[in-house]
Amino acid sequence: MRCEEVRRVILEGSLEGGLDLSEGPLARHLEGCPACRAFLSRLNEVDAALRQLPLERAPATVAQGVLERLPSPTPVGEPWPWAHWLPILSLVVGVCWAYLSLLLTYGPAQFGSFDTLALNWLASLEQWVVENQGVLGAISLSVAAGLFFTALAVALGFYVGRSRAAAGRP
Amino acid sequence: MKEPEPALLERCRQGDSEAFAQLVAEQQDYVYTLARRVLRDPEDAADLTQEVFLHVWQGLPLFRGEARFRTWLYRIVVNHCLNHLRRKRREEKTVSLEDARQQLTMEEDLAVAAWKEERRAWVWRQVERLPLPYRLVLNLFYQEELSCGEIAEVLGLPVGTVKTHLFRARQALAEALPQGGDDAL
């Protein structure tokens, strides 16, 4: 074994705790190479010193400063209802708004017929919409699309923010 | 650093400031030590330690315990340190490991360093002069006793990179340490 290879084996093996110096090509090389024996000795010394790196004492002002600056924590347990439901609610509103806008634009006939009070009201509303279809259709579709994607963005931003806080990222 | 008691963590999560004071007392030296080794400035390290614990206070309710607490804590410390260095535009001396190795060999009177304690102190001083990635990895591995996998998680690096950093840093220190220690064989 060449010295470079021996040192690589020593560095890797000593770190992983699997260095066998009792026999084999490594032991034979070390027996005949003072330089590599010296390297191993110094490496052992370095490792021993690193394991004894001193622990620094934090100044007394650190703990005092932390406690003085403690803000009120976010209540633990059940999250505030609005914080939990807002993304879902905004998403539902966005989807409903988009559906309603399409309904107003193209008429309920495209989506099947339902004999309900709401649809009767919708039918009368449709009559009014038909008279102003061009302008209303364009506005409603663009508003629906805007609200829909805004809701998605709010939902994503909320959950990404919570994930970053939980992952310890400032 | 020991993992804090689960009961203590739960009390802290519930907003118990006395429990949090106990957590700070138990962990502050470890946080301060890591910050001190990374930032090299005691005042900056003290300020950063406070910021870390304030972040911990806010983030504890969201800490779900998938990772060990100390892994999560060290990730916060490292991120704060790196942000601090960027903010202060304090360029890490872009000393390559090769340059650091040359510096390591030009040292004080090494005859005196034949004493074990002084040689050990020599190693500690040289660790502080290594480039940041090597300094971080050495401290987390030897002082905080994290595994390579945990270090990789804290630093956001592949495990192989962590092992390479450890390999090269130890090699540089061992090659620079002057002859004089006990022969291992």
Side-chain angles (χ1 to χ4, degrees), chain A residues 4 7-8 10-12 14-16 19 21 27 30-31 33-77 79 161-170, chain B residues 13-15 17 20-21 24-25 28-33 36-37 42 45-46 49-51 53-64 72-73 75-76 79-80 83 116 119-124 127 138-139 141-143 163 166-167 170-171 173-175 177-179 181-185:
Chain A
E4 188 181 331
R7 294 186 184 197
R8 182 185 57 77
I10 288 173
L11 280 163
E12 289 175 356
S14 60
L15 190 66
E16 295 163 353
L19 195 61
L21 300 175
L30 287 171
E31 197 174 334
C33 181
C36 286
R37 280 207 305 274
F39 175 80
L40 176 61
S41 171
R42 293 198 302 272
L43 181 64
N44 287 337
E45 200 175 345
V46 164
D47 281 343
L50 290 174
R51 287 192 189 93
Q52 295 169 20
L53 276 167
L55 189 65
E56 305 262 355
R57 304 294 299 185
T61 51
V62 166
Q64 187 183 345
V66 170
L67 296 175
E68 284 173 0
R69 294 168 61 189
L70 276 187
S72 303
T74 302
V76 181
R162 283 172 63 100
S163 298
R164 285 181 68 87
R169 293 195 173 86
Chain B
R13 288 181 70 237
Q14 299 293 334
S17 57
F20 191 70
V24 170
Q28 62 174 343
D29 289 344
Y30 299 97
V31 173
Y32 177 76
T33 298
R36 176 80 172 77
R37 299 243 163 83
T49 303
Q50 287 194 24
E51 295 298 327
F53 280 110
L54 290 172
H55 183 110
V56 167
W57 174 254
Q58 291 289 347
L60 258 178
L62 301 171
F63 173 65
R64 298 186 190 90
W72 180 69
L73 176 61
R75 198 182 312 142
I76 295 174
N79 285 334
H80 273 272
N83 288 339
K116 281 191 177 176
R119 288 168 69 79
R120 188 172 55 207
W122 183 92
V123 172
W124 297 342
V127 170
L138 284 179
N139 276 287
F141 185 82
Y142 284 98
Q143 175 114 59
K163 289 184 177 179
L166 272 173
F167 182 102
R170 292 165 71 231
Q171 182 179 33
L173 289 169
E175 287 177 351
L177 183 65
Q179 196 61 32
D182 295 333
D183 199 309
L185 298 180

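The figures that follow rest on heavy atoms only: side chains count, while hydrogens, waters and symmetry mates do not.
Interface summary for chain A: among B:Phe53, B:Trp124, B:Phe20, B:Tyr30, the most heavy-atom pairs under 4.5 angstrom belong to B:Trp124. Your options are A:Thr61, A:Leu50, A:Val62, and the one with the most heavy-atom pairs under 4.5 Å with chain B is A:Leu50. The greatest number of non-hydrogen atom pairs below 4.5 Å with chain B, out of A:Arg57, A:Arg51, A:Arg7, is found for A:Arg57.
Atom CG of A:Asp47 and atom CZ of B:Phe141 lie 8.0 Å apart (nearest 0.5 Å). Summarising the geometry, atom CG belonging to A:Leu70 is positioned 5.5 Å from atom CH2 belonging to B:Trp57; distances are rounded to the nearest 0.5 Å. Rounding to the nearest 0.5 angstrom, the gap separating the CZ atom in A:Arg69 from the CD atom in B:Gln50 is 5.5 Å.
In this structure, the portions of B:Arg170 lying under 4.5 Å from any heavy atom of chain A include both its backbone and its side chain. With a 4.5 Å cut-off on non-hydrogen atoms, B:Ala25 does not touch chain A at all. Only the side chain of A:Leu67 comes within contact range of chain B, with heavy atoms under 4.5 Å apart.
Considering every non-hydrogen atom in both A:Ala49 and B:Arg120, the closest pair reads CB-CG, 3.6 Å. Closest of all the heavy-atom pairs between A:Ala58 and B:Asp29 is N-OD1, 2.9 Å. What you find for A:Phe39 and B:Gln171 is that their closest heavy atoms are CE1-O, 4.4 Å. Across all non-hydrogen atoms, the minimal contact from B:Leu177 to A:Arg42 is O-CD, 2.7 Å.
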Practice task
Walk me through it: do A:Val66 and B:Gln28 pass the test side chain to side chain contact (heavy atoms under 4.5 Å, CB included)?
Solution key: CA-CA 10 Å; A:Val66 170; B:Gln28 62 174 343; over 6 Å; no

